[in-house]
Structure formats: C-alpha cells, structure tokens
Protein chains: 2
Amino acid sequence: MAAPPGRMPVMADVARAAGVSHQTVSRVLNGHPNVRAETQARVLAAIEDLGYRPNSSARALVTRRTGVIGVVAVDTAHYGPARTLTGIEHAARAAGYYLSVVTLTEASAEQVRDAMDHLARQAVEGYVVIAPQRSVLEGMPEWAGGAPVVAVEGGEARELPVVCVDQEGGARAAVRHLLGLGHRTVGHIAGPRDWLEAEARVAGWRRALEEAGAPAAEPLYGDWRPRSGYELARRLVQEGRLPGALFVANDQMAVGALRAFGDAGVRVPEDVALVGFDDVPEAAYYAPPLTTVAQDFGEVGRRGIGVLLDLLESGGAAAESAAREVVPARLVVRASCGA
Amino acid sequence: MAAPPGRMPVMADVARAAGVSHQTVSRVLNGHPNVRAETQARVLAAIEDLGYRPNSSARALVTRRTGVIGVVAVDTAHYGPARTLTGIEHAARAAGYYLSVVTLTEASAEQVRDAMDHLARQAVEGYVVIAPQRSVLEGMPEWAGGAPVVAVEGGEARELPVVCVDQEGGARAAVRHLLGLGHRTVGHIAGPRDWLEAEARVAGWRRALEEAGAPAAEPLYGDWRPRSGYELARRLVQEGRLPGALFVANDQMAVGALRAFGDAGVRVPEDVALVGFDDVPEAAYYAPPLTTVAQDFGEVGRRGIGVLLDLLESGGAAAESAAREVVPARLVVRASCGA
DNA sequence: GCAGACATTGTTAGCGCTAACATAGACGGC
DNA sequence: GCCGTCTATGTTAGCGCTAACAATGTCTGC
C-alpha cells in the first residue's frame, strides 16, 4: 500500500495512478464488460497499491441502494430468537447485504414502530422482524416507506410474508407421542398468551387431544421462565390435578417443573411423563434427559432472508402471494417421557 | 402526509413548501441556532406534511460520518455473548448510532479480518469486537482504516481498549467460598484453552488455592458444552479422583456434571460441592439449585460503547491510555455448594 | 441617526460516485 | 474503400446534502 497523501484515496486518485478516467475505474469495480483485460489489471493494481476503498455513501446516493437490511429483534434471553438472528446474519451477508440490528426492550407496538423508524432513517432496503409476539406483529406496517417487510417466527400472521417453525405440528407430535404411550390425557403448561408460538403450541396440543378423543383440561399459562414452570407444576401437584403426562411449552419452564416434581417426590417419567419444547443444548443432560421438540432456527433465518430478497428483486410483486414458509419441527425423544 | 409526486420528497421540496431555502431546512434539521421560531415551525410543518426523510447517504457523503458502529460477534449458543450484543445495541442506539452486525461461524483470525473488512466497506466509524477467544483477539487490527476498535470480553488483551468481566475475581470468589466451607481443595473443570475467559477462570481458581496454601490438581478442559461437563465429571468419579469440591467454568458444563453425579450416585452437595459460572436463568432450578457466578453483560455492552464513543470523540487521543474497564462478577450462593 | 455587532436567510460549491451520452478506433462485408 | 457495427474509453451531469461565505435586515450605544 502506498502512503496516502493525508486523506483516503478516492476514485480519481486510482484513475490517475492507472492512467485512465475515473469512469473506467468504476467500470472495473462494478464488473462491467467492455474493459480491456490489460486496463483492468492496471486499475486493480492501482486500487491495491493505494489501498483504495469505494465510498459506500457516494455509491448509495446515486444508486439509491444502501445494501442494508434492517432487523428488529426482541431483547431476550430466550434461546430461539438469538439463534434466529445469527441465521439471518449469515444469509444476509452471503447475499452481499449488510445487517443493521435494533433490539426491543419490550414487545410493544410502539417500540416496534420506533425501531423501524430508526432503521428507515438509515434507508434500509427491507426489514426482517423477529415477531414472536402478537403485539410486535401488530405494530408492524407492511411496507415501510416502500421497503418490504418479512416476519419471522410470526405464527399465523396477517397478510404479511412470514417464515416460522411449525409450532403446532411440533406440539401435536409431542402430545401424540405421549398419548401413544398409553396416557389417557396430557396436561399443558403454556407460554404467555401474547406469544404466537405459545398460542400455536396450545393449538397443537388441543388438536392432538381432540383427534384422540382425549379430554383436555385448561392449560396453565406461564411466562417462559423456569420460575413459572416451577410454580405451575407445584400447583398441579398440590391441588392433586397432576395428569399422567405433561407437555410444557418450553424447556426452561420444563426445568422448573422437573425441580418442582423432584421437591414433591413426584417421579419423572414414572409418575408424570414430561415433554418440553426448544431442545436447548442442556436438554439431554437434565435428570432425566428431557424429551423435547427441536427447531431449526438457522433455517428460519435463511428462509426469512430468502423471502425478503425475492421481494426485493421482484419489486414487491411477490408480496401478492404473501409467502408463508413453514419450517418443520422435530420431536426428540429422551427419557423424561418414559420412552 | 401529502401524496408524494411519484418520488420521495427531498430537501428542496420541503424548502419550496415552506417558502425558504433548502439550507434553512438543513439548519432546522440539524438544530442550528439562528432560525426564527416561526420559520422553524413552518419548516417542521412542511416536513411533516410531505413525509420527508433526510437521505442518510447524502448526509454521510458530505459529513464523512456514517453514524454506524460495526460489531463483530461470535456465532454461539452461549448465553453471555448473546446478552452482550443486546447491551451494546441499546447503548449504541441511545447514543444515536446505528449498529451493523457480523457474526463469525468460527473464531479464526481470518474470519475476524473478513468480518472487519465487510464492516469497513460500509464505512463504520468504529468497531466493537466481542472477542472471548485468543484467536479473535489476534486477528484484530488496532485501528481499522482509521476507525477505533474496542474489544469486549477480551480478557487481558494487547494494547487495545478492553472491557471485560472480572473473570478471575469471580472464579477466585467462588473457590474461596468453597474453601471457606472447609474443603481441603477444589477441583476445576475448565473451558477450552483458546478462550480468554476460561483462562482467567483457571487463573482465579489457581490463585485462590495458592493463597490458601491448598494443593491444586491439574484442571480438566471441556468445551463449554453440557456433554463435556458430563464426561469429565464421570471420569473424575470413575478414576476415584473426585475432590470434595468442584468449580466448573460454566453452568452448561455444570449441568452435565450434575447429571454425571446423579447417574453415579454421587450426592451434591454432600459428596461433592459444586459451583458453576454465568448464572443462566435456569441455574436456580437445577437439582440442587446451582451456586454460580453472575456477570452483568448489559453493563459490559454499555461500557464497551462508552469507551468507543470516547475514542470517537477524542479522535483516538484516548487510545494512548488503552482503557481497560473491568466489570465485577458476583457470587450467587445456592444449594449446590452446601451453603 | 449612524457605525458596528448580531441575527437570519440565501447562494454557491463541492462530497465521491454512477448513468447516460459522446467519442474514437477496429473490424468486416460488399 | 466506405459505411455500419461493435468495443473501449472519456466527458458531463447530477444524486441530496452540508459548509462556507454572502447578503440582507435589526438592534444597540452614543
């Protein structure tokens, strides 16, 4: 690299060094045809030599494309959303886009609007919103200033392109598995009512019971955290309402439940068969190892970006169809369900 | 909002609507003094009316400031880095910056360089690198194209501004607590050798033992994952080398260890007192509840951005001092250590 | 009532890049 | 050998914004 003359080199400097016009440099940079191989080599050498870097702002100004995708994520210690974000990032970068991220402290429609506003100021070309909650989904415009929006993890959303995991199918598989083991019915500790995933898991649980003609008690609603799983499970035991099988809406609450059962002398799986959801890395090492439902978050992120890029390329024509991609969930059987 | 005439309104449109020059619009937008209140109101009304949004590329082109901070994160299911990222995001947004994120699939120096290159192309003003591993730290230039770099979670780094948790202090507190309970020595299951945090925890463990004049067996090295905790703990039991107290370098491996002990009929805390590290949300609900060391990741993120912004404002003058901020860790005593 | 300071607004000139058009030479067919 | 076509390159004109300077008024003190 040549020592810069006090400021960053610009295209004109490269042009001068290579003995061509700045336009030819631009052509080389953008892979235009009709540049002599020898000229191209000279330009590339000059670029290398000067340590030239194209100015993205100048390019964006004239092309009207920033190459940035905005992501709205929820600030959460939850396993899923965090993994989804990295899936999105990899897919976006592979496609040559930059990623601008905003996280929400609270899932209110207002915060979603603020977040998208922040991203709009940066002139992002499109949005991916990780929207596991109804309130997030509702705060979301469909086209934010002409830029397309894709919801991820946003259950059965509005007329909006959505990519999500088949929560209902996963829940159904879990409950059917428990019923198949001979349980008369299966109880349910659900996630918070506002969460679409929680709702879909309730629906899957209910559907599996209905299909089997099994009775369904009202589910108990927790908040995803271990504490609520602990308390709700303890309540079931104390009130003598503990079913022979229990489907808990996520692994964290399932851990809480395990603990409550341990404290109360209720054996898992002998006295109660337990199934969780998420397949966190620890799940296989709980006592007993937790049967659970695994989700492919990386795939969700990839498809989310895929749908967005399609929309971007088609100029929104594809939005008519309101793509709805469903990634399958997978039951992982371990000891906690008794087989 | 008035219907746009087919294209996004620009500053000149606002100026026309408000009956002023575009420069006056610019002044209003940038909060310059010397604009009559009445004029300002007219301009703001026109902006609102037209739904005008300043073009960030054009502004960046002339000011040479993009307002973007680049973050290099590691792609990981680990609890800490994910939380740190959201801490960084909140602090950056509060300061009026945008955040561009790149995640690494693998912590190699090459990937770090690629990531920073990607961000440089976007003309970020500064970098925050979440660098829990030595290889990440080493792949990191100090000033990337004139932009300052701050390492976060990067243990005892090079002459680079660093913000990290007092891993050594946390480990030391944990081990001292165990020794204080009457144990002759404390064993250690460590994290991977390449990880600075793992190294610091080993150092803290060793130091506490030395200070107490207690013997130190060689630590066993895991990979942070539950499985390795399980296998190493099992090995200790099988080989009859299990100490009365064990410090495990993170909660995930501690869960694996708990499971191994359960399988082998080793009681916690009666036969072995156990302490983990991280304080994941589940820790209080393991059987027995896990004594562990909590880290304030949000604070780490905030301080990381704080240091970077200082550097940005001072034009790097502050880099001389190579800031090194240490966030304290906190021992959380639960049942697994026996008191 | 007038100089000088100050407040308010307008005008001009780029920032670094790409798109569109202009130009000049090379080539091939008849 | 001349014209049309194609290839390789240069020239010009902005993209939308801010900084610098210029040009007005407005007010103060004496």
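These numbers come from the heavy atoms of this one structure, side chains and all, not from hydrogens, waters or symmetry mates. Given the structure is predicted, the values throughout are model-derived calculations rather than measurements. Order of the sequence lines sets the chain letters (A, B, ...), proteins ahead of strands, with each chain counted from 1.
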[X] vs [N]: side-chain N/O to OP1/OP2 distance below 4.0 Å:
X	N	result
A/Ser26	C/dT18	yes
B/Arg64	C/dG16	yes
A/Ser57	C/dC15	no
A/Arg36	D/dT9	yes

Over how many whole Å does the gap from [X] atom [atom1] to [N] atom [atom2] extend?
X	N	atom1	atom2	answer
B/His22	D/dA19	NE2	P	13 Å
B/Leu61	D/dG14	CG	C1'	12 Å
B/Tyr52	D/dG16	OH	P	10 Å
A/His32	C/dC17	NE2	C1'	12 Å
A/Asn55	D/dC17	CG	P	16 Å
A/Leu29	C/dG16	CG	P	15 Å
B/Asn34	D/dC27	CG	C1'	14 Å
B/Gln23	D/dC21	CD	P	13 Å

Is there a side-chain contact between A/Val124 and B/Tyr98, using heavy atoms and a 4.5 Å cut-off? no

Answer yes or no: is there a side-chain heavy-atom contact under 4.5 Å between A/Asn30 and A/Arg59? yes

Under 4.0 Å, counting only non-hydrogen atoms across every strand here, what does [X] touch: a base, just sugar-phosphate, or nothing?
X	value
B/Thr39	sugar-phosphate
B/Ser21	base
B/Pro54	sugar-phosphate

When B/Leu119, B/Leu99, B/Ile88 are each screened for side-chain contact (heavy atoms from CB on, under 4.5 Å) with B/Ile69, the one that passes is B/Leu99

Pairwise 5' ranking along DNA chain D for A/Gly19 and A/Val62, keeping only the more 5' one: A/Gly19

Assign each of B/Arg27 and B/Asn30 the nucleotide of DNA chain D bearing its closest heavy atom; nearer the 5' end lies the nucleotide of B/Asn30

Starting the side chain at C-beta, find the nucleotide from [options] nearest to [X].
X	options	result
B/Val20	D/dC17, C/dG16, C/dG10	C/dG10
A/Met11	C/dA19, D/dT9, C/dC17	C/dC17
A/Thr24	C/dT18, D/dG16, D/dG10	D/dG10

Inter-residue atom distance B/Thr24.OG1 - B/Met11.CE, 0.5 Å rounding: 10.0 Å

Hey, are A/Thr66 and A/Gln122 close enough side-chain-wise for a donor-acceptor pair under 3.5 Å? no

